[in-house]
Amino acid sequence: MSFLHSVRDIFRGRAMGTAGLIWLCVILFAALAAPWIAPFDPLDIDPVNRLTEPGWPHLFGTDHYGRDTFSRCIYGARMTMLIGLGSVAFALVTGGAVGMLSAYFTRLGNFLMRGIDVLMAFPALLLALVLMTLLERSVVNTIIVIGIVYATTTARILFGMTLKLKREVFIDAAVCSGAGHGSILFRHILPNLISPLLVQASFIFAFAQLQAAALDFLGLGLPPEVPSWGNMLSESRIYVTRAPWLLLYPGLLIILSVFSMNMVGDAMRDSMDPRFKDDIAGV
Amino acid sequence: MALLEVKDLAIAVAINGRLVPVVRGISFEVEAGTTLGIVGESGCGKSLTSLAIMGLLEGSQVRITSGSIVFDGQDLLALPPERRRAVMGADMAMIFQEPMTSLNPVYRVGDQITESILQHRRISRAQARERAIELLRLVRIPDPEGRIDSFPHQLSGGMRQRVMIAMALACDPKLLIADEPTTALDVTVQARILDLMKELQAETGMAIMLISHDLGVIAETCDTVAVMYWGKIIETAPAAELFADMAHPYTRGLLASIPVTDREVDRLEAIPSRVPLIGETVTGCAFHPRCGRARPVCADIDPAAIAVSPSHSARCHFPGEDSA
Amino acid sequence: MSAAPLLQVEDLKTHFFLGTARPFGSGRRLLKAVDGVSFSIGAGEVLSLVGESGCGKSTVGRTLTRLETASGGTARLDGREILSLSQAEFRPLRREIQMIFQDPFASLNPRLTIEQTLAEPLRIHGLAQTRTEARALIAETLQLVGLDPKVMERYPHEFSGGQRQRIGIARVMILKPRLVIADEAVSALDVSIQAQVLNLIKDLQRDSGVSMLFISHDLGVVRHISDRVAVMYLGRIVEIGTRADIFDRPSHPYTRLLLSSIPRIVPGRKRVEDLGEPANAASPPSGCAFHPRCKFATDICRTTQPPAHAVDTGHLSACHHIEALQKDLA
């Protein structure tokens with residue numbers, strides 16, 4: 001089955017999921033094409049036109065330095081995608097490895113999963129705050145911190161799914177054929193975890209957005225000069241009465257994007273293997 | 001008049017918006033106080049038939065496309081849903097293959113039986129509990145006063161199926177539909193459950209419709225047998241007559257496929273190939289691609305039911321002949 | 001018997017620890033799934049292990065293939081003890097002991113093509129150097145089990161239950177094993193398909209001369225396929241003998257109950273009375289585990305586990321009352 005066929009199968013008859021997917025494509029396009037479609041440089045300061053209302057040529061108005069909000073929103077999409085994909089990759093690789101290996105090698109698992117339990121005892125935002133205060137503000141560090149936060153839930157979920165798969169008869173059959181640990185883990189277990197992992201990824205993507213926005217808002221995320229939706233919220237909060245559009249546009253974008261990702265995740269979850277449906281909900 | 005009369009019942013499953021026939025026009029009767037056995041392999045439509053009679057297909061992907069189900073003089077398919085539920089709740093009951101999944105694991109078995117009694121009868125909770133103990137005694141559960149407070153997981157598979165039977169008997173049904181009631185049970189437990197069903201029938205006079213894939217179970221318990229293949233009843237006769245002289249090649253093939261314990265054969269006479277898939281098209285007799293006595297006519301014309309004797313009929317162009 | 005048997009199992013025990021019944025409870029309960037089982041299988045012989053759910057018959061098979069860990073006893077394949085080997089030491093021996101599983105839908109990895117599934121054992125045991133070589137062997141084996149070699153490109157979900165079970169058999173036969181353990185290999189199949197697969201297994205066994213441990217709850221199937229039969233009840237073998245011994249001269253009350261419980265098409269055999277409920281392996285009865293259901297039971301049955309008595313050469317029954325039983329049969 002080709003990739004496009006599976007995409008069609010997942011989204012056929014799921015209107016909310018399809019709408020979410022379209023919105024994400026728009027964001028992705030904005031991120032990739034930002035230098036060409038943004039009417040202004042997002043960092044250009046224009047003290048004459050500070051805090052202008054939405055209109056022409058500043059569609060979404062300008063901020064307190066006179067920077068074009070519309071252009072900053074478009075460049076913000078870049079950060080959104082970068083942080084999202086980065087933290088998803090980090091969470092899946094580290095959390096996935098910990099969860100899978102812990103379930104497969106029970107003794108190692110007893111040890112590793114207790115560590116995961118300790119990390120999970122912290123509320124997600126608190127854990128991110130603690131880690132962020134120890135590190136410098138940068139894109140990479142933000143990705144790592146958010147990645148660690150969601151690696152814990154990923155590890156938990158993959159731990160459960162791997163335990164289930166380990167009891168499958170085809171695993172017994174592979175053992176009887178003489179397959180070693182590597183072959184069982186990578187040929188027999190991992191391929192069966194790909195689709196639940198993708199679903200998990202879409203939910204992490206959504207939550208990573210919120211987490212990143214929250215960190216930015218608290219001044220602990222990306223460096224302040226980087227145009228991200230969270231930073232835009234953070235900087236403009238004191239102008240909320242004078243220039244409410246400064247909060248409105250990035251806020252709306254965050255809400256829409258998180259909602260879309262959740263809808264895409266729901267659609268993927270609904271279309272997948274019923275065996276694992278119950279495991280996924282717990283992000 | 002028979003207690004249950006099913007006429008030309010056809011059932012279809014909606015697959016990708018298309019209705020695919022699964023049960024293709026079957027007719028049979030169950031007389032009061034007797035047992036009808038429906039036997040066939042998976043996918044032949046036997047379970048859907050029982051669910052259709054119980055009215056359990058509503059809201060699913062399955063539709064009754066034609067036919068009538070007349071129970072006790074009333075056409076069930078013509079009744080409004082509430083009336084239908086009232087008739088069925090009071091006079092019809094069903095037991096399933098897996099007694100564990102049919103019981104709610106978080107309630108005591110006594111509460112579940114009491115609940116089903118209270119749904120149909122206006123009596124006090126204490127009276128219902130008395131009745132529940134009486135029912136557990138009826139299905140030969142030892143120490144019913146003690147067992148009534150057990151949770152389902154504390155009972156063995158056989159005991160759980162007894163509890164299901166007790167629940168089914170709560171309202172003295174006229175018809176008990178048993179869908180593979182002993183398939184999940186061990187053979188020694190199965191023997192006792194089948195004995196129990198026969199004894200209960202003698203005591204209460206209820207009719208039983210027993211659905212099974214096991215010819216042995218059918219032979220031991222049923223008065224009349226209907227054999228289903230790919231959505232049709234291909235042979236029907238009183239049990240004694242059927243097992244003495246099978247007319248349809250599929251029925252014969254089924255019997256020859258079963259390894260038995262009382263004699264040894266070197267090779268089983270397996271029916272070749274497989275059942276057509278749901279939605280596949282087969283012209284003529286659905287069994288002809290697997291049939292040893294098939295002739296050109298079998299590939300063209302779907303045979304009507306031919307009477308072999310007054311009470312025995314088979315859907316075969318050449319009933320009773322030996323295979324070529 | 002002059003030649004040493006291919007497989008010699010002595011006093012095999014497989015115990016499991018169950019979790020406690022209550023949260024925060026202490027003390028683990030011990031489940032003796034297999035508790036002192038001894039038998040042997042000669043070269044080219046089919047021994048069936050028959051019994052009801054929970055009697056431990058599948059655990060015997062899973063222990064011999066090292067899917068479960070034995071708690072005691074020995075199993076010698078060709079004189080070589082296999083239960084005390086480490087998994088790494090045992091791996092090369094896996095080629096000789098192969099297993100057919102019950103559920104044809106669960107025993108094939110849904111993500112692998114038939115070729116990938118069948119090539120795996122070849123690769124592991126170094127039986128094919130190139131892909132062409134592997135494909136030739138796979139094609140040959142698929143034909144052997146009655147499938148078109150072209151099916152190797154396809155995925156498991158495209159096959160019916162009977163076809164999948166043939167693929168499972170091909171995965172076993174491709175290694176040319178010396179002992180095949182078939183765990184309820186035809187139980188999940190419809191009668192007409194079951195007969196086809198059973199014929200196939202019987203043919204393959206005869207043609208290849210492989211020894212077989214055939215685990216089943218279905219006495220009809222067992223009579224059809226076995227040379228010798230062992231009847232298990234609650235983790236022990238209660239009776240073992242040739243096929244004729246077990247089916248024509250059953251000498252344990254449980255074997256008789258089992259045989260008389262099978263629903264028959266031709267009415268005949270009288271039911272043996274069953275006095276109790278099937279025993280639970282987590283809380284086994286004292287003495288002979290079958291005594292609560294047995295009409296011959298006396299005090300000794302309630303206190304002492306019966307040893308295996310020889311009824312005849314090679315026909316053993318673990319019952320205190322064999323004489324009374326034989327009188328009853330006469």
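Proteins get letters first, then strands, A, B, ... in listed order; numbering begins at 1 in each. As a basis for the values below, the full set of heavy atoms in this structure was taken, side chains included, without hydrogen atoms, waters or symmetry mates.
Relative ring orientation between H188(A) and F170(A) is described as tilted, the plane-to-plane angle lying within the 30° to 60° band. Relative ring orientation between F105(A) and H181(A) is described as perpendicular, the plane-to-plane angle rising above 60° on a 0-90° scale split at 30° and 60°.
Neither the backbone nor the side chain of R95(C) comes within less than 4.5 Å of any heavy atom in chain A. Residue R171(C) touches chain A through its side chain alone, counting heavy-atom pairs closer than 4.5 Å. With a threshold of 4.5 angstrom between heavy atoms, Q87(C) does not approach chain A through any atom at all.
In the displayed structure, R80(C) atom CZ is contacted under 6.0 Å by at most 12 heavy atoms of other residues, nucleotides or ligands.
In this structure, the side chain of R91(C) does not engage the main chain of I124(C) through any donor-acceptor pair within 3.5 Å.
Between chain A and the residues E120(C), H125(C), M99(C), the most heavy-atom pairs under 4.5 angstrom are made by E120(C). Most heavy-atom pairs under 4.5 Å with chain A: of the set L108(C), T65(C), L93(C), this distinction falls to L108(C).
When side chains are defined from C-beta on, V149(A) does not count as touching F207(A), because their heavy atoms never get closer than 4.5 Å.
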